[in-house]
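I have placed the structure first, in the form of structure tokens, so that the comments after it can refer back to it.
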Amino acid sequence: MFTGDNSINMDAKGRFVMPSKYRERLEQLCANQLVVTIDTQVRCLLVYPRNEWEKIAEKIEALPSFQPGTIRIKRLILGHAQELEIDSNGRILLPASLREYAFLEKKLVLLGQGKKFELWDEAEWTKVRDGYLEVEAQEGEMPQELMNIAL
């Protein structure tokens, strides 16, 4: 599982260094082969080890082709997916189109999400995270499924 939030920097060419704590696992899991695509709900990128992406892509491809909602998801998620590789220096080069979609500038946050990562612009992530914390404090209720988990 990939967990934790990591502050990282992106250079002028659109490269960032994968934190060292994940590199060995990614080498073992997917031989440093990643797939990056857009999140359709918020302006961040989803970063999958290639083997995990293949499972997701298979499920998306199996969706009905004549429903507007599934056509939208296929076009957005599969259409924006880019195969990337972690180089020998631990760097990943993000295509300009993906950087533009997620408003990625110099300061980024790589957020572990179990079997994948989310890649955020640092200011955007801070705003979204703080919004989540405000809502939780105001509403005070959690879904029943979360009530059964001991933290």
Side-chain angles (χ1 to χ4, degrees), residues 1-65 67-137 143 146 149 151:
M1 283 189 74
F2 302 109
T3 60
D5 64 337
N6 305 271
S7 294
I8 55 178
N9 291 315
M10 184 172 58
D11 69 17
K13 294 180 182 178
R15 298 177 301 193
F16 70 92
V17 176
M18 178 61 73
S20 59
K21 67 182 179 181
Y22 304 125
R23 284 192 224 151
E24 187 176 327
R25 275 189 279 170
L26 289 168
E27 172 66 35
Q28 293 169 353
L29 278 173
C30 60
N32 289 325
Q33 302 295 309
L34 305 173
V35 176
V36 180
T37 191
I38 66 171
D39 186 314
T40 61
Q41 305 297 312
V42 291
R43 291 289 182 127
C44 74
L45 301 179
L46 304 175
V47 181
Y48 290 91
R50 173 124 183 138
N51 60 320
E52 288 298 328
W53 170 255
E54 289 170 354
K55 296 173 193 174
I56 301 296
E58 189 175 307
K59 291 177 184 178
I60 293 172
E61 289 172 9
L63 294 171
S65 295
Q67 293 179 351
T70 59
I71 292 170
R72 175 184 161 274
I73 291 298
K74 285 181 179 184
R75 286 180 177 153
L76 291 173
I77 295 177
L78 295 177
H80 284 90
Q82 298 280 333
E83 296 178 12
L84 306 177
E85 185 172 357
I86 301 173
D87 72 14
S88 59
N89 294 318
R91 296 176 303 189
I92 299 167
L93 175 61
L94 287 173
S97 61
L98 293 176
R99 295 192 313 259
E100 290 168 11
Y101 173 82
F103 308 120
L104 301 181
E105 298 290 332
K106 182 174 175 53
K107 294 186 174 283
L108 310 178
V109 172
L110 184 71
L111 196 63
Q113 293 292 288
K115 294 180 179 182
K116 69 178 186 291
F117 299 96
E118 291 178 351
L119 187 61
W120 291 81
D121 173 75
E122 184 180 69
E124 185 67 17
W125 167 243
T126 300
K127 184 172 65 173
V128 169
R129 181 201 60 204
D130 291 349
Y132 288 154
L133 293 171
E134 271 185 38
V135 168
E136 188 173 304
L146 287 177
I149 299 174
L151 297 176

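Every value quoted in this text rests on a predicted model; they were computed, and no experiment measured them.
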Item to check | Over 12 foreign heavy atoms within 6.0 Å of NZ, Lys116 | outcome: yes
Checklist entry - In Å and rounded to the nearest 0.5 Å, what is the CG to CG distance from Leu84 to Leu34? => result 6.5 Å
Next on the checklist: Rounded to the nearest 0.5 Å, what separates atom CZ in Arg99 from atom CG in Asp121?
Outcome noted: 13.0 Å
Item to check | Interatomic spacing from CG in Leu98 to CG in Leu119 - rounded to 0.5 Å | outcome: 9.5 Å
Next on the checklist: Minimum heavy-atom separation for Cys44 and Ala102, please, with both atom names.
Outcome noted: CA-CB, 3.9 Å
Next on the checklist: What's the separation between atom CZ in Phe16 and atom CG in Asp11, rounded to the nearest 0.5 Å?
Outcome noted: 11.0 Å
Checklist entry - Can you name the residues that form a side chain to side chain contact (heavy atoms under 4.5 Å, CB included) with Leu76, not counting sequence neighbours? => result Ile38, Thr40, Arg72, His80
Checklist entry - Going through the distances and angles, do Lys74 and Ser65 end up as a side chain to side chain contact (heavy atoms under 4.5 Å, CB included)? => result CA-CA 9 Å; Lys74 285 181 179 184; Ser65 295; 3.4 Å; yes
Next on the checklist: If the test is side chain to side chain contact (heavy atoms under 4.5 Å, CB included), which one of Arg23, Met18, Glu27 qualifies with Asn32?
Outcome noted: Glu27
Checklist entry - Please walk me through it: do Asn6 and Lys21 pass side chain to side chain contact (heavy atoms under 4.5 Å, CB included)? => result CA-CA 10 Å; Asn6 305 271; Lys21 67 182 179 181; 3.1 Å; yes
Checklist entry - Taking all atoms of both residues into account, what is the closest heavy-atom pair of Tyr101 and Asp39, and its distance? => result OH-O, 2.6 Å
Item to check | Ring geometry between Phe117 and Tyr22 (parallel below 30°, tilted from 30 to 60°, perpendicular above 60°) | outcome: perpendicular
Next on the checklist: Would you compute the distance between atom CG of Leu46 and atom OG1 of Thr37 and round it to the nearest 0.5 angstrom?
Outcome noted: 6.5 Å
Next on the checklist: The test is side chain to side chain contact (heavy atoms under 4.5 Å, CB included); show your working for Leu110 and Phe2 and say whether it passes.
Outcome noted: CA-CA 10 Å; Leu110 184 71; Phe2 302 109; over 6 Å; no
Checklist entry - Parallel, tilted or perpendicular: which fits the ring planes of Trp125 and Trp120, with parallel below 30° and perpendicular above 60°? => result tilted
Item to check | Met10 vs Lys106, side chain to side chain contact (heavy atoms under 4.5 Å, CB included): CA-CA, chis, key distance, verdict | outcome: CA-CA 5 Å; Met10 184 172 58; Lys106 182 174 175 53; 5.7 Å; no
Item to check | Worked verdict on Lys55 versus Glu58 for salt bridge (Lys or Arg N to Asp or Glu O under 4.0 Å) | outcome: CA-CA 5 Å; Lys55 296 173 193 174; Glu58 189 175 307; over 6 Å; no
Next on the checklist: Run the side chain to side chain contact (heavy atoms under 4.5 Å, CB included) test against Glu83 and tell me which residues pass, sequence neighbours left out.
Outcome noted: Val35, Arg50
Checklist entry - Where the side chain of Tyr48 meets the backbone of Glu54, is there a donor-acceptor pair that is under 3.5 Å apart? => result no
Item to check | Separation of Lys127 NZ from Glu122 CD (nearest 0.5 Å) | outcome: 13.5 Å
